[in-house]
Amino acid sequence: MPLRLQGQDYVRPAADLDRLVQELFAEIQSDEVAFEDVYETLLLYYQTPLNLNTASREELRGLLLLSETQISALLDHRQQLGPLLSLYELQSIVGFEQVRSIYRVAPFVTVQSGNQNAARGPLWQRILHEDNNALFLRYERGLQARRGYAAADTTSTGRPLSRYLGSPDKLLVRYRVSHTRDFSLGFTAEKDAGEPLIWKPGQGRLGADFYSAHFVVQERGRLKTLALGDYQLQFGQGLLLSSGLQVGKGAETITTLRRSSLGVRPYSSVLETSFFRGAAATVSLHKTVRATAFFSAKKVDANQQFATDSLAIYDTFSSGISTSGLHRTTTELANRKRLHEAVAGGNITYTSVGGDFAAGATLVGTHYDVALQRRPEPYNQFEFRGKDNLAVGLHYSYVLGNVLFFGETARSSSGGLGTVNGLLASLATNVEASILYRRYDRNFHTFYGQAFGENTRNINESGVYLGLKVRPAPRWEITGYYDQFWFPWLKYRVDAPSRGHDYLLRFSFAPTKTSQLYVQVRSRTKDQNADLTPSRSVPQPIPTERRSLLLFYDAAPSSSISLRTRLQGTHYRDDGATPHTGFLLAQDATVRLNRYLRLSARYALFDTDDYDTRQYAFEQDVLYAFSVPALFGRGTRTYALAEVKCTRHLTFWLRYAATQYRHQQVISSGLEEIEGSLRSDVKMQARYTF
């Protein structure tokens, strides 16, 4: 007869998102990664932690911090012995023997028994009394004058030069409250630097440039999720619908390879393009079958062009959708919400009782009121043209012993196919491996897909990825991957079919549960058009090679002090030319003086030959924000961040950051140009919880 014992309560530690993101992402080579979305997703897990006693296999996968072996062991433990009594019980489960793995996942999970929502009263009372009701106010501003804010001037032809129409202030207001498997309610308003505050209700302008709101309820009998307002969708491997925590190729070479079917999720980010606006619902048709339907209608940014050829198919068209979300100049405002987009579709998924097998189908239809037609360049020959696109896909996942098989295949109305298939395998208790093959035809079109790939979009690409993770001894871990990819058709700045490869190797050592040391090598080779020379009169792709080395040490000498040291370098070369190099050395320090005050700071030196060897390094920021500046040239980068807990309800953040360049009198170009060698900004944020 099983004997129930009362377990000890485990105090969840605070989430160190900056450290976690650095562990997941290998190296930042672009500032276009949606880190805002990543932070939002991780914070959502922190505020509404997964209940390990009720979380499904798919929900556990979505956290990206648990291996398939650990998930299977946890589910088997629940089935055989019942619900966990405490998070401490994880230590008795196979795969969780290392305290470090529990410490890593602890901020994002909880252990509760029974239906915690049953006795919490009506919904409005649950919302009112929820302890994570929070209102955020944020202000940010660059301190140096930029050309875009200067007085209007004219060109030699008498036309006025472009200027920003608003102030350099960046403003954010956000309210959010949520509870696991119950509800989520949120509101966000944002004005970017340079955007004007416009109050014209008749034109749909209500002060700030961007508004977002959502209301989501979950677990109402057969109705599993109902979302009204702004929401996200994630099904299969993200070939047709993908959002939230997407890492791609990173230092975590196993668990991040597979996408999770998380279904309908609330949206509260300030990214102005990657969401749906309307309604979505998921219902349970059977205990093993769930169906989702959704509809979205919103206006997106796009230019407007007119055909000059009388034989053209479209008299009026747009050459592309803008995703920057910036509306600072007359041109950007003219393109604001010019295109009406309607998206509708659904998904139906069967999941076996044990969760070992799942399969489903997804349908997505997209309609624009004005045709999309890219510029008539050869590399655009197979891009989407027209007003309508219909895509249909099938996805699956199957656990067989220690191997997880997964994949998704889809077809768009152009006839193009996209497919991604892979497996994760536990070869031994300390060895894991992964394989993934993808192929996206040059005429495969999807607007909200973001499956695994080298390109930012799933089109014109094939590739094979191999990943490995080995733990040869306690505290030691070796991770690596090799990815070979091909582009069958032309690309921007690549005037021929091309190919490349990418590999990473990281040796990691954890002296204690709160410290970590690793060294990482990464190399990427891709074809790109060479510069024209007397001997090369036409564009010709040549291989370009970028190699980087990273040494990172994170230590906590005491419970109140944290130190992080980063040394990284880059070597870039093309066509056998003289290699270019770039380096960065950064030292971070965080001190918690008492329960009310926490101070963080960085001092960094950087020296790069050019933009190709620019350096990216994560910086600590105010809660819900991120900072990954691109540093090139020669100079220093510093920042200081103070977090002050004023009262039980009010927390305040103040951040100052500055980049001081050497031997440079002008920074940036165009409207962002600054005269001088210093660029700095200040950011303030207040959070009131109630």
Examine distances only and state if a side-chain atom of [X] and a backbone atom of [Y] form a donor-acceptor pair shorter than 3.5 Å.
X: Asn53; Y: Gln112; answer: yes
X: Thr351; Y: Thr288; answer: no
X: Arg61; Y: Ile71; answer: no
X: Arg78; Y: Leu52; answer: yes
X: Asn335; Y: Asp301; answer: no
X: Glu408; Y: Leu239; answer: yes
X: Tyr448; Y: Val343; answer: no
X: Asn132; Y: Val177; answer: no
X: Asn458; Y: Tyr440; answer: no
X: Tyr465; Y: Thr253; answer: yes

Test ring-ring contact (aromatic ring centres under 6.0 Å, His included) on Tyr368 and Phe447 and set out the steps. CA-CA 12 Å; Tyr368 295 100; Phe447 298 103; 5.5 Å; yes
When you compare the side chains of [X] and [Y], does any donor N or O come within less than 3.5 Å of an acceptor on the partner?
X: Thr110; Y: Asn51; result: no
X: Asp209; Y: His327; result: yes
X: Ser178; Y: Ser184; result: no
X: Ser72; Y: Arg57; result: yes
X: Asp388; Y: His367; result: yes
X: Ser412; Y: Ser414; result: yes
X: Asn421; Y: Tyr396; result: yes
X: Asn133; Y: Tyr688; result: no

Is there side-chain contact between [X] and [Y], with heavy atoms separated by less than 4.5 Å?
X: Arg277; Y: Tyr267; value: no
X: Thr255; Y: Leu66; value: no
X: Glu190; Y: Lys170; value: yes
X: Glu643; Y: Gln620; value: no
X: Phe452; Y: Gln237; value: no
X: Val364; Y: Phe235; value: no
X: Ser261; Y: His395; value: yes
X: Val420; Y: Arg259; value: no

Going by the rule salt bridge (Lys or Arg N to Asp or Glu O under 4.0 Å), which residues pair with Arg176 if we only count those two or more places apart in sequence or in a different chain? none
Could you tell me which residues satisfy salt bridge (Lys or Arg N to Asp or Glu O under 4.0 Å) with Glu432, sequence neighbours excluded, listed by chain and number? Arg471
So, is the end of the Arg126 side chain (NZ or CZ) under 6.0 Å from the ring centre of Phe183 and within 45° of the ring's axis? no
Students often mix this up, so state it plainly: with edges at 30° and 60°, are the rings of Phe384 and His445 parallel, tilted or perpendicular? perpendicular
Mutual orientation of the aromatic rings belonging to Tyr398 and Phe357 [parallel < 30°, tilted 30-60°, perpendicular > 60°]: perpendicular
Mind checking side-chain contact (heavy atoms from CB on, under 4.5 Å) for [X] and listing every partner two or more places apart, or none if nothing turns up?
X: Gln685; result: Phe136, Arg138, Val622, Leu623, Trp653
X: Gln218; result: Val216, Thr225
X: Leu285; result: Val283, Val289, Ala291, Ile348

Set out, in order, the CA-CA distance, both residues' side-chain angles and the distance that settles salt bridge (Lys or Arg N to Asp or Glu O under 4.0 Å) for Arg265 and Asp230, then state yes or no. CA-CA 9 Å; Arg265 309 183 70 201; Asp230 295 343; over 6 Å; no
Could you list the residues that satisfy ring-ring contact (aromatic ring centres under 6.0 Å, His included) with Phe444, not counting sequence neighbours? none
What I want to find out is whether [X] reaches [Y] closely enough, with some N-O distance under 4.0 Å, to be called a salt bridge.
X: Lys249; Y: Glu454; value: yes
X: Glu619; Y: Arg655; value: yes
X: Glu341; Y: Lys299; value: no

Please say which of Leu50, Leu65, Thr48 ends up in a side-chain contact (heavy atoms from CB on, under 4.5 Å) with Phe108. Leu65
Atom pair NZ/OG1 of Lys224 and Thr292 - distance to nearest 0.5 Å: 12.0 Å
Trace of the salt bridge (Lys or Arg N to Asp or Glu O under 4.0 Å) decision for Arg336 with Glu195: CA-CA 12 Å; Arg336 182 178 184 271; Glu195 293 178 342; over 6 Å; no
